[in-house]
Q: 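Questions regarding the structure given below will be posed in turn.
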Amino acid sequence: MLQGKNVVLGVTGGIAAYKACEIISGLKKIGANIDVIMTRSATEFITPYTFQSLTGNPAIVNMFQSPKYWDMEHISLAQKSDILLVAPATANIIGKVAAGIADDMLSTTIMASNRPVVFAPAMNTKMYENPAVQQNIQTLIKRGYHIIPPKGGILACGDEGQGKLQEVSVILEELQKIYRQELQGERKDLAGIRFLVTAGPTREIIDPVRFLSNHSTGKMGYEIAEAIVARGGEVKLISGPSSLSAPKGADFLSVETAEEMFEAVKDAYPKADVLIKSAAVSDYRPKIREAQKVKKESREGEIQLTLVRNPDILLEMGKIKAPGKIHVGFAAETEKIIEHSKEKIQRKNLDFIVANDVTEEGAGFAHSTNIVYFIDQNGEYSKTEKVEKSAIAHEILDRVLEKKFPADK
Ligand code: C5P
């Protein structure tokens with residue numbers, strides 16, 4: 001998403017200033033061009049030369065220092081940038097921008113920018129909780145600035161609480177998401193289309209304390225639901241157990257077992273135009289669900305767990321697929337991806353399949369990235385690069401649109 005784009009990174013004077021180096025290396029891996037603007041106090045923690053060496057661009061501190069750049073630098077960087085990130089953001093820069101003060105290069109550039117500006121605050125817990133800071137953050141949010149909240153933990157000063165700079169990987173992911181949402185904010189191309197999306201694993205109950213499940217986190221399906229909302233579509237998200245929070249704007253239903261998911265999908269299907277089944281449904285469940293905890297003391301030696309087949313939801317829905325509806329399946333394969341997927345498209349009556357080779361680095365479960373093949377009914381396929389799951393979500397939706405309105409293409 002940010003490949004070839006210009007990111008202005010504002011670094012302010014907090015102990016987490018050194019983490020800006022890690023952010024730069026992450027941005028460089030993505031292929032972004034980075035210009036660093038530091039506040040005077042940031043230079044007490046880290047030198048401009050460090051950033052200059054890492055980015056290959058001069059790190060700017062003083063508005064009036066460099067004769068080559070000084071005159072219109074704040075305007076030119078504000079215009080050149082595709083997105084601005086302030087990380088770490090101190091209470092001071094947050095307060096200045098909230099109050100409209102522009103007295104150094106960073107605050108001036110932020111004020112002169114019409115691009116998305118993202119703040120990743122980091123400060124002492126008591127400072128962060130201070131009502132003035134909280135109110136300033138609210139002011140920024142109301143004005144359309146973005147905040148990546150700090151996380152909790154033991155801070156550099158020894159205090160414990162919220163105030164640590166968010167994980168760099170989270171900052172990078174959020175930054176890309178914000179950039180994409182800004183780009184697609186105006187694109188409401190899914191308006192009027194109703195989606196039914198499943199996500200996450202299922203849990204198959206053994207007894208009141210045990211279950212069978214898999215490594216699915218639900219991320220892919222949640223990203224799809226978020227992307228649908230961003231593009232103006234309607235979405236019902238039926239999710240197995242996941243630690244992710246329900247996407248804003250989605251009609252969310254949480255289920256536990258494959259059988260519960262099947263019932264929920266059947267209920268919601270008549271109101272959907274598109275079914276996207278990204279859930280990693282357990283193919284089997286224990287034949288007997290024990291009412292009481294299985295005690296080792298009550299059974300000698302080995303025990304047997306008999307499994308029975310769960311309904312294949314996608315297969316069953318494929319049998320009653322209504323004309324005009326679009327069904328998208330997922331496949332996690334370890335070999336013969338194309339061959340297996342082609343067979344699955346026919347058997348499950350799908351429009352296309354999103355398949356990944358879970359043995360590939362950076363693909364499949366529990367990764368924020370994925371590498372997928374899009375395989376069509378006629379066997380044609382294309383493979384993506386290793387990209388964020390959010391980017392894949394949008395590509396899936398683009399393909400749904402192509403299927404729905406082929407004459408337009
Ligand atoms: O056959 P396989 O499990 O590889 O197919 C994967 C696809 O089928 C996914 O889209 C998954 O959500 C769906 N599926 C299902 N019910 C099952 C197993 C898989 O809907 N019991």
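Order of appearance sets the numbers: ligands from 1, and atoms from 1 within every ligand.
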Q: Given 3.5 Å as the limit, does a donor-acceptor pair link the side chain of E256 with the main chain of P241, or not?
A: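 Not a single qualifying donor-acceptor pair exists.
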Q: Between N214 and A280, is there a donor-acceptor pair closer than 3.5 Å when you use the side chain of the first and the backbone of the second?
A: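 Yes; at least one donor-acceptor contact below 3.5 Å.
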Q: Answer yes or no: is there an ion pair linking R299 with E290, defined by an N-O contact shorter than 4.0 Å?
A: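 Between E290 and R299 there is a salt bridge, with a charged N closer than 4.0 Å to a carboxylate O.
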Q: For a quick check: using heavy atoms under 4.0 Å, what are the residues in contact with ligand 1, sorted by chain and number?
A: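 Residues within 4.0 Å of ligand 1: K277, A279, V281, D283, P311, D312, I313, L314, G329, F330, K344, K348.
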Q: Think K383 forms a cation-pi with Y381, using NZ or CZ under 6.0 Å from the six-ring centre and within 45 degrees of its axis?
A: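 Checked: cation-pi criterion not met.
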Q: Strictly below 4.0 Å, N to O, side chains only: are K266 and E263 in salt-bridge contact?
A: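 Looking at K266 and E263, the cut-off is met.
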Q: T257 and R289: side-chain donor and acceptor closer than 3.5 Å?
A: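 Checked: T257/R289 side chains show no N/O donor-acceptor pair below 3.5 Å.
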